[in-house]
Amino acid sequence: MSARANVKAPTEKNFRRPKVRPSKKKAGAMSRLTWRAIRWAVAIVIVSYAGYRATNLVLHASALQVRHISVHGNVRLSSGEVRDIIDGLRGSSILTADLPGYRRQLLASPWVADVALRRVLPSTVEVFVSERRPIGLCRLRNELYLIDAQGTLIAQYGPQYAEFDLPIIDGLLRPPSSGQPTIDEDRAQLAARAIDAIAVRHDLAQRISQIDVHDAHDVLVLMQKDPALLHLGEERFLERLQAYVDLAPALRDRVPEIDYVDMRFEERVYVRPASEKKVR
């Protein structure tokens, strides 16, 4: 039998790591850092909660709830009507109330051209209303509507608007390609320019009965108690209207019944007798 020999090989240091125990100094430092982090985390939680509670108390404080709505600039719309439109604003927090949303609600009213809302601490919201200004009466499906210079239909004309002494404006409707007819804004602005130009002469403005803007480059005017149709073009409306008024007696002497008078040419006045219209 062969004998086995036990041979002890030297141990490689690379195969076994020495057991290293952390020093007491390092362990103490890590412990202090951990407690410091915990204290900071607790402090942050406490401050955050306190801030949340404080904010919540402020937002729901009765002293900062909207109690007064002050309305300015309104004429046709009563202050009560304005408040009814934004009724949800009352009682809400003045700090978080959705003023842009309430502004949109007010702009949906046909009488409101523009509006601004302003917070006044502690409990008031001021509303500044700019109303539309009707310039005439638009004919639509055999009914009359108040219309402004931008071509916005404000309201159907009725007894409640009898104080408005406004001319009837024809030719504002744009033929629809589909659906309902719409207002032509360019022709509405042409009519507004003519009305504003003549308005400085109150005596003449009161005599305007009808305006026609079918032709976007020629304002036709019909005066009260005068059957002659006046072509005033697209400028110098007041001067041309005044020139006709000055010439009217002489024109009547020569042409008793007039169909139209064209005042668009500075040096000449063209008159068409009503008899020519009947012949055609």
Side-chain angles (χ1 to χ4, degrees), residues 113 132-154 157 161 164-177 181-280:
R132 297 189 186 278
R133 181 178 67 88
I135 62 166
L137 304 176
C138 173
R139 238 191 283 260
L140 182 61
R141 301 189 194 88
N142 298 320
E143 296 177 341
L144 295 176
Y145 288 82
L146 295 169
I147 190 170
D148 72 355
Q150 284 69 48
T152 301
L153 295 177
I154 301 172
Y157 183 71
Y161 301 123
F164 288 113
D165 185 13
L166 300 171
I168 296 174
I169 305 176
D170 290 316
L172 291 173
L173 296 182
R174 182 189 297 117
S177 56
T182 56
I183 301 297
D184 188 300
E185 295 181 2
D186 292 337
R187 285 184 278 171
Q189 291 175 9
L190 176 63
R193 287 199 295 112
I195 291 170
D196 287 343
I198 298 171
V200 299
R201 285 286 305 278
H202 187 64
D203 56 326
L204 291 180
Q206 282 188 318
R207 295 177 60 184
I208 302 298
S209 173
Q210 292 179 233
I211 293 176
D212 192 305
V213 288
H214 276 97
D215 185 340
H217 302 286
D218 183 19
V219 173
L220 304 181
V221 171
L222 191 63
M223 304 184 74
Q224 294 179 1
K225 299 180 181 179
D226 189 338
L229 193 61
L230 309 180
H231 290 259
L232 301 183
E234 54 183 335
E235 60 182 357
R236 301 184 61 189
F237 305 108
L238 180 58
E239 295 93 325
R240 291 170 179 174
L241 182 62
Q242 183 61 60
Y244 168 75
V245 171
D246 295 339
L247 289 172
L251 294 177
R252 296 291 175 195
D253 289 341
R254 300 179 63 179
V255 186
E257 295 185 9
I258 298 175
D259 178 24
Y260 71 75
V261 178
D262 196 334
M263 304 296 298
R264 290 175 290 177
F265 307 97
E266 308 309 325
E267 301 297 329
R268 299 177 182 179
V269 175
Y270 291 91
V271 180
R272 177 182 176 181
S275 57
E276 291 186 11
K277 179 181 178 181
K278 292 177 182 178
V279 171
R280 294 188 181 186

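Just so you know, residue 1 is the first one in the sequence shown, and it goes up from there.
- Residues forming a side chain to side chain contact (heavy atoms under 4.5 Å, CB included) with Ala149 (at least two apart in sequence, or on another chain): Ile135, Ala192.
- Nearest heavy-atom pair across Ala216 and Leu190 is O-CD2, 3.2 Å.
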Side-chain donor-acceptor contacts of residues 227-239 below 3.5 Å, not counting sequence neighbours, with atom names and distances?
unit_1	atom_1	unit_2	atom_2	d
His231	ND1	Asp218	OD2	2.6
Glu234	OE1	His217	ND1	3.3
Arg236	NH1	Glu266	OE1	2.9

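- In this structure, the separation between OG1 on Thr152 and CD1 on Ile147 is 7.5 Å, given to the nearest 0.5 Å.
- For the atom pair CG (Leu140) and CG (Leu153), the distance works out to 6.5 Å, reported to the nearest 0.5 Å.
- Within the structure, every pair that satisfies the salt bridge (Lys or Arg N to Asp or Glu O under 4.0 Å) test and touches residues 194-209, not counting sequence neighbours, is listed here: Arg133-Asp196, Arg201-Asp203.
- The side chain to side chain contact (heavy atoms under 4.5 Å, CB included) check on Val255 picks up Ile258, Val271, Pro273, with sequence neighbours excluded.
- Ile211 contributes atom CD1, which lies 11.0 Å from atom CD1 of Ile168 (distance to the nearest 0.5 angstrom).
- Scanning for side chain to side chain donor-acceptor pair (under 3.5 Å) contacts around Asp226 gives Tyr244, Arg252, with sequence neighbours left out.
- Partners of Asp246 by side chain to side chain donor-acceptor pair (under 3.5 Å), not counting sequence neighbours, listed by chain and number: Gln242.
- Not counting sequence neighbours, the partners of Asp184 by the salt bridge (charged side-chain N to carboxylate O under 4.0 Å, His left out) test are Arg174, Arg187.
- Taken from CD in Gln189 to CG in Asp148, the straight-line distance is 10.0 Å, to the nearest 0.5 Å.
- With sequence neighbours excluded, the residues that form a side chain to side chain contact (heavy atoms under 4.5 Å, CB included) with Phe164 are Arg76, Trp111, Pro134, Leu146, Tyr161, Leu166.
- Asp170 pairs by the side chain to side chain donor-acceptor pair (under 3.5 Å) definition with Arg139, Gln210, not counting sequence neighbours.
- The side chain to side chain donor-acceptor pair (under 3.5 Å) check on Asp165 picks up nothing, with sequence neighbours excluded.
- For Gln206 against Gln224, the heavy-atom pair with the smallest separation is O-NE2, 3.4 Å.
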Q: Show your reasoning for whether side-chain contact (heavy atoms from CB on, under 4.5 Å) applies to Val261 and Leu247.
A: CA-CA 11 Å; Val261 178; Leu247 289 172; over 6 Å; no

